[in-house]
Amino acid sequence: MTETSTANHHTQVEPKRLYIETHGCQMNEYDSKRMVDLLQTDQPVEQVFSAEEADIILLNTCSIREKAQEKVFSQLGRWRKLKELNPGMIIGVGGCVASQEGAQIHKRAPYVDLVFGPQTLHRLPEMLNKQNQTKIPVVDISFPAIEKFDHLPQPQVDGPKAFVSIMEGCSKYCSFCVVPYTRGEEVSRHLVGILQEIQHLADQGVREITLLGQNVNGYRGPTETQDICGFAQLLYHIDAIEGIDRIRYTTSHPLEFTSELIQAHAKLPSLANHVHLPVQSGSDSILQSMKRNHTVADYLHIIKELKSQCDDQLSLSSDFIVGFPGETEKDFLATMQLIETVGYDNSYSFIYSPRPGTPAASLKDLTTMEEKKRRLSILQHRIRANAEQISRRMVGNTYTILVEGFSKKDLGQLQGRTENNRVVNFASSNDDLIGLFATVEVVEARANSLLGQFVHCEELEAV
Ligand code: SAH
Ligand code: F3S
């Protein structure tokens, strides 16, 4: 419990204790951090890490699959009891479930005070004040273009890595997906705003940036000269920022994976040799029914170009949906074939979940859940085997990792990540290495990480 500065500090306003729980994607993780930044600029706020301690609870929700949505209401049910004990407590629901359900949230959970969407989180302080004055629940799930980013304070830094959101929403309307409805259509942030944010992060020691968006390569950001900056160009601008030596991005879409972007991978050493390029299925008829607007051959063409421009080290990952309505055994085997051809590293895979309001939800679906689970298990097994093989092949080679801090399990070890996102632990107690790029030799492949040996760190030697 935080019982520190109570009685004697009458002149000081007691900080509000804020607990945020985040479900779903990295965009949500990013948004949640920004909510903390934002509320802290408005009033004294202390972030706490359990709901029991909180005055304000915010739940940043995900509606991509059924389970994600159900989780929201069971979580709210648990917090209701806390609120009964502490009636002054504020409960807010944001993110995609909020966006989709809006005022309906109150029907199922009348004790919720605030409902806000992914595009209105910057209005949180206002909404809180309004609720405080009126004691009436406040709902705002509108899509006010991209004003959000003009209203957020510069982010706080924790560690040498940071996420930066570059665009919001999606206009691809895959037939199974709720994102275009919950996050709205694609809107890109202004180029200058993004570069300023990254400069601010670099000034505080951030070395690695992950650019976020539902379709980052659909980025078309307005520039100061009223031009439009594409995604590949954005990467060149970021590469030029001193201190930023590793750039990642997620998620990209096969449709706008231009040759300029492929060339950027060849030309920019800071761009990680890893691409997450979701394909969903390896069957043309399923891709068509999913409205992905490309074929398996189009996808393989991109992969071939990427591999030939970069080197064999390029690591690829994807998202897969199994059991999409109408998926036959043959379609599934086509996906398995694609997995073999590409040689994916760790990837995400899901059983199709019908989402209300999406076109695919009305398609006939005759495959049993048991069969879908069988397919998912085969696919996941294959991907895991591929990933393990990739890890084993790394043994004996040296890699550059960004040292992030001490291993949680063993304080005699530091840890960092390789370009292909493997955690490497290595024996060292030299905390000067944290935040620097170091060369390590991989000596052992473990289930979820690699064991390494420190080789050298040019940056440390240069000091
Ligand atoms: N912008 C990304 C997808 C974002 S959603 C893209 O271009 O593909 C993240 C992943 O969730 C998707 O790639 C998909 O694999 C999965 N997903 C989305 N809707 C789903 C649904 N209705 N059922 C199961 N999985 C789904
Ligand atoms: Fe969803 Fe397709 Fe966009 S999966 S986020 S509609 S690219």
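Read the numbers this way: they start at 1 and go in the same order the structure lists the ligands and their atoms.
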Inset, instruction - For ligand 1, find out whether one of its N or O atoms is nearer than 3.5 Å to an N or O atom of D319. - result: yes
Inset, instruction - Would you check the N or O atoms of F176, main chain and side chain alike, for any that come under 3.5 Å of an N or O of ligand 1? - result: yes
Inset, instruction - Below 4.0 angstrom from a heavy atom of H253, which ligand 1 atoms are there? Numbered from 1 as shown, please. - result: 7 (O)
Inset, instruction - Could you check atom 15 (O) of ligand 1 against the protein and tell me its nearest heavy-atom contact, residue, atom and distance included? - result: Q280 OE1, 2.7 Å
Inset, instruction - Measure the distance from atom 4 (C) of ligand 1 to every protein heavy atom, then report the residue, atom name and distance (to 0.1 Å) of the closest one. - result: Q214 OE1, 3.3 Å
Inset, instruction - Answer side chain, backbone, both or neither: which part of N215 comes under 4.0 Å from ligand 1, heavy atoms only. - result: side chain
Legend entry - Min N/O separation R292 to ligand 1 under 3.5 Å: yes
Inset, instruction - Please state which part of F176 comes within less than 4.0 Å of ligand 2, counting heavy atoms only: side chain, backbone, both or neither. - result: side chain
Legend entry - C170 N/O/S atom closer than 2.8 Å to atom 2 (Fe) of ligand 2: no
Inset, instruction - Inspect the contact between E371 and R375 and indicate whether a charged nitrogen and a carboxylate oxygen are less than 4.0 angstrom apart. - result: yes
Inset, instruction - For the pair D284 and R292, evaluate salt bridge (Lys or Arg N to Asp or Glu O under 4.0 Å) and give the outcome as yes or no after the intermediate values. - result: CA-CA 10 Å; D284 278 338; R292 294 287 290 179; over 6 Å; no
Inset, instruction - Can you pull out the closest protein heavy atom to atom 22 (N) of ligand 1? Residue, atom name and distance to 0.1 Å, please. - result: S353 O, 2.8 Å
Inset, instruction - Tell me whether C177 has at least one N, O or S atom under 2.8 Å from atom 1 (Fe) of ligand 2. - result: yes
Inset, instruction - For ligand 1, find out whether one of its N or O atoms is nearer than 3.5 Å to an N or O atom of Y352. - result: no
Legend entry - atom 16 (C) of ligand 1: nearest protein contact (heavy atom, Å): R65 NH1, 3.4 Å
Inset, instruction - Hey, can you tell me if H265 and F257 have their rings parallel, tilted or perpendicular (30° and 60° cut-offs)? - result: parallel
Legend entry - Protein heavy-atom partner closest to atom 18 (C) of ligand 1 - residue, atom, separation in Å: I64 CG1, 3.4 Å
Inset, instruction - Check each atom of ligand 2 against the heavy atoms of Q214 and keep those under 4.0 Å away; list them by number with element. - result: 5 (S)
Legend entry - Sidechain N-carboxylate O distance under 4.0 Å for E70, R108: yes
Inset, instruction - Could you pull out, from C174, S175, G218, P254, the option with a heavy atom nearest to atom 6 (S) of ligand 2? - result: C174
